Number of protein chains: 2
Amino acid sequence: MPNINLKRLSEELGLSISSVSKALRDSYEISAETKKRVLAMAEKLNYQPNPFASSLRRKKSITIAVVIPEIANNFFALAIDGIQMVAQEKGYHVLTYLTHESFQNEESTIKHLQGGRVDGVLISLCRDTDSTKHLTSLHETGIPLVFFDRVPETMECPTVTTDDYESGFKATEHLIKAGCKKIACLSLSSLLSITHKRVHGYQDALKKYNMKEDPKLIIECTNNNQSNLEVIKKLLAKKDRPDGIFATVEKLAISTYYVCNEMKLKIPQQLKVISFSNLRTASLLNPSLSTITQPAFEIGKESASLLFRMIEKKTFGNRIDKIVLKSSLIERNSSR
Amino acid sequence: MPNINLKRLSEELGLSISSVSKALRDSYEISAETKKRVLAMAEKLNYQPNPFASSLRRKKSITIAVVIPEIANNFFALAIDGIQMVAQEKGYHVLTYLTHESFQNEESTIKHLQGGRVDGVLISLCRDTDSTKHLTSLHETGIPLVFFDRVPETMECPTVTTDDYESGFKATEHLIKAGCKKIACLSLSSLLSITHKRVHGYQDALKKYNMKEDPKLIIECTNNNQSNLEVIKKLLAKKDRPDGIFATVEKLAISTYYVCNEMKLKIPQQLKVISFSNLRTASLLNPSLSTITQPAFEIGKESASLLFRMIEKKTFGNRIDKIVLKSSLIERNSSR
DNA sequence: CTGTTAGCGCTTTCAT
DNA sequence: ATGAAAGCGCTAACAG
């Protein structure tokens, strides 16, 4: 902890503590002359205000929290980048919490945040979240809360998402047009808004092209990578294996690549794969991969901007913003 | 901010504030009976302590800061994952700051942290850092500081790094053994410990195999992606272009892939590339890529563990830890 | 324009 | 075993 505080500064300057405080906050009550002296002395002694004293008194922390399932994930890393950019502009600090897809972690994190440690919370739900009690409880304490990407489906709240349904539809359509007759869909969890909607788009695309939907082809994966690999392997080992795969999240696409690699299945000749992915180098490393790329950085920026509007009460009364951004479909020569 | 505090709790229970406080901290001065009552009431009213009051009083924040150049970067994302894991175990909060490779940002961030907002700092320097004044200043306030990966070379301090010199040596040797006659080296900045050491390894490998070192083949890149692309393009457009490239950081490898893609240069037939990379899927997407992979997650864990040892004063007096982990060289069929 | 004063909510002696 | 009281460092009325 720093040992040089307002008291010390004021003694050094022969001023009262409050005058020094006001000078430092550039109050109109203080003469330009004094301000200069104070600033100079603060600089000289390398004065750094104690943030806790200030937060305690002013009842604001100049800090926001970001709660996400994981960080070693291109989407979330980019989103955080966008969030940090906005936060930095506003002079806010950013606390990051990882839930590792565990509802328990999410719950306890949110509970801790009710202590007033932050002025606002950005959150992307974990795959197991099936209750919103902790979230409404946080909301009730008056702390602004914005959901991004993985949002609750049964709660009125501000959200920033992408066009999941449309993207799922288009991705599937892409595979159909590329000649696929049997398309599997890898989903994370039916509880999750994103996969739920993406799968719905998949189903409707099949319907549109009069392809019958086979429930066994919609595979709900777990949070265990090993078991996901096995399930995918089993799927692709079948004689009548699918000729197309729609992976609703990047991680499952990577698992698919891995299995194909192991089984010597050629993409796209033997299996066409399309996935949500923010692996920006994927098509550089393998030019035949089609992806749906979310504007992750923009999602981060939009979410943070919305949150700050709420913190600064610049958003009206009980208006609830729902921002939807567009993903981009990057089609490669998978039809070749 | 929460409205339910110790005062309210104590009124509800008919106890004094201090007794309630002690009960919640499980003090031996309080009877088991009372503790139970207090805990129950705290639970019932969903009491969350005000972290600022506590921090102000106890002069500790239960928070650490992580200062890194960027987050949309596989190495740093994984490192943060490791850091968060340890921090979470210890019940600490994690503040993240991005410098975006700007020395100014780094300086002002470090300066802010002198206010006592955190109990310790983990930092990986930005490419332009050429002074350690801000760092020694932070150190002098008594806040424990651990450097990881990008560490200062002119300052006695605890560090967690990988075997950069050896890896650079081996990577270059790999290219030489694969038949390369003219090997270029893409460096980020000579100010940076990691690239400095990696380039040194490159130079010594050339020496060992009696290949003359051409200073024009050691290319110091900038923080501007566009201009890096142009430099690489120019390098590869030459009639006597190199037949091997050693990229000291992942970003430059990706730029290289990109240029090769554009110029229709085949990797590895026409150009062998090896790079530091934590793009775990690289070889999945293109099986001919060789990489040096750093144990990023472990680096994060080790750094955080070391920091906590320092915070808890479990590390002796003026002992300075220097932890070096090993990278792994993943050799692919680039010699074919 | 400057100073005095009363807390913010919590921890921690020190009494009882 | 419990309570009274001081104070962490800062801000914001309110006086002067």
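First the proteins, then the strands, lettered A, B, ... as listed; each starts at 1. Note that the structure is a prediction, hence the values are computed from the model and not measured. Basis for what follows: all heavy atoms, side chains included, without hydrogens, waters or symmetry-related copies.
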S.K.: Roughly, in whole Å, what's the span from CZ in A:Arg58 to P in D:dC8?
M.R.: 21 Å
S.K.: Closer than 4.0 Å, any side-chain N/O of B:Tyr47 to the OP1 or OP2 of C:dC10?
M.R.: yes
S.K.: Name the closest nucleotide to the A:Ser18 side chain, picking from D:dC10, D:dA12, C:dG9.
M.R.: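 In terms of side-chain proximity for A:Ser18, the closest of D:dC10, D:dA12, C:dG9 is D:dA12.
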S.K.: Give a yes/no answer on whether the side chain of A:Lys35 brings an N or O atom under 4.0 Å of OP1 or OP2 in C:dC1.
M.R.: no
S.K.: Measuring from the side chain of A:Ile30 (C-beta onward, heavy atoms only), which nucleotide among C:dT2, D:dT2, C:dG9 has the closest atom?
M.R.: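 For A:Ile30, the side-chain atoms sit closest to C:dT2.
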S.K.: With distance as the sole criterion, is a donor-acceptor pair present between the side chains of B:Thr129 and B:Glu106 under 3.5 Å?
M.R.: yes
S.K.: Could you state the atom-to-atom distance from CD1 of A:Ile17 to P of C:dG3 in whole Å?
M.R.: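 In whole Å, C:dG3 P and A:Ile17 CD1 are 11 Å from each other.
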S.K.: Counting C-beta onward and ignoring hydrogens, is there a side-chain heavy-atom pair between A:Ile110 and A:Ile123 closer than 4.5 Å?
M.R.: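 In contact.
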S.K.: Ignoring hydrogens and angles, does a donor from either the side chain of A:Lys22 or the base of C:dG3 sit under 3.5 Å from an acceptor on the other?
M.R.: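 Present.
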S.K.: Calculate the interatomic distance between A:Asn50 atom CG and D:dG7 atom C1'; express it in whole Å.
M.R.: 13 Å
S.K.: Separation of A:Ile4 atom CD1 from D:dC8 atom C1', in whole Å?
M.R.: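 For the pair A:Ile4 CD1 and D:dC8 C1', the rounded distance is 16 Å.
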S.K.: Indicate whether OP1 or OP2 belonging to C:dG3 is found under 4.0 Å from a side-chain N or O atom of A:Ser16.
M.R.: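 Checking A:Ser16 against C:dG3: at least one side-chain N or O falls below 4.0 Å of OP1 or OP2.
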S.K.: Below 4.5 Å, heavy atoms only, C-beta onward: do B:Thr96 and B:Val94 meet side chain to side chain?
M.R.: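 With C-beta onward as the side chain, the pair touches.
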S.K.: Tell me which nucleotide among D:dG3, C:dG9, C:dG3 gets nearest to the side chain of B:Leu15.
M.R.: D:dG3
S.K.: For A:Arg117 and C:dG9, what is the distance between atoms CZ and P respectively, to the nearest whole Å?
M.R.: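 Going from CZ in A:Arg117 over to P in C:dG9 covers 16 Å.
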S.K.: Where the side chain of B:Leu56 is defined as all heavy atoms beyond and including C-beta, which of C:dT2, D:dC10, C:dG9 is the nearest nucleotide?
M.R.: C:dG9
S.K.: Can you check whether B:Met310 reaches B:Pro158 side chain to side chain, under 4.5 Å on heavy atoms?
M.R.: yes
S.K.: If you look at every strand shown and take non-hydrogen atoms under 4.0 Å, does B:Ser31 touch a base, only sugar-phosphate, or nothing?
M.R.: sugar-phosphate
S.K.: Starting at CG of B:Leu9 and ending at P of C:dG9, how long is that distance when rounded to a whole Å?
M.R.: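 The distance from CG of B:Leu9 to P of C:dG9 comes to 13 Å, rounded to the nearest Å.
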S.K.: Side chains of B:Ser16 and B:Ser19: any donor to acceptor distance under 3.5 Å?
M.R.: yes
S.K.: May I have the distance from A:Leu6 (atom CG) to D:dC8 (atom C1'), rounded to whole angstrom?
M.R.: 13 Å
S.K.: Do any side-chain nitrogens or oxygens of B:Thr34 fall under 4.0 Å of OP1 or OP2 in D:dA1?
M.R.: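 Checking B:Thr34 against D:dA1: no side-chain N or O falls below 4.0 Å of OP1 or OP2.
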S.K.: For A:Pro51 and for B:Ser19, find the nucleotide of DNA chain D with the closest heavy atom, then tell me which residue's nucleotide is more 5'.
M.R.: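 Whichever sits nearer the 5' end wins; that is B:Ser19.
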S.K.: From CD of A:Glu11 over to P of D:dG9, roughly how many Å is that when rounded to an integer?
M.R.: 12 Å
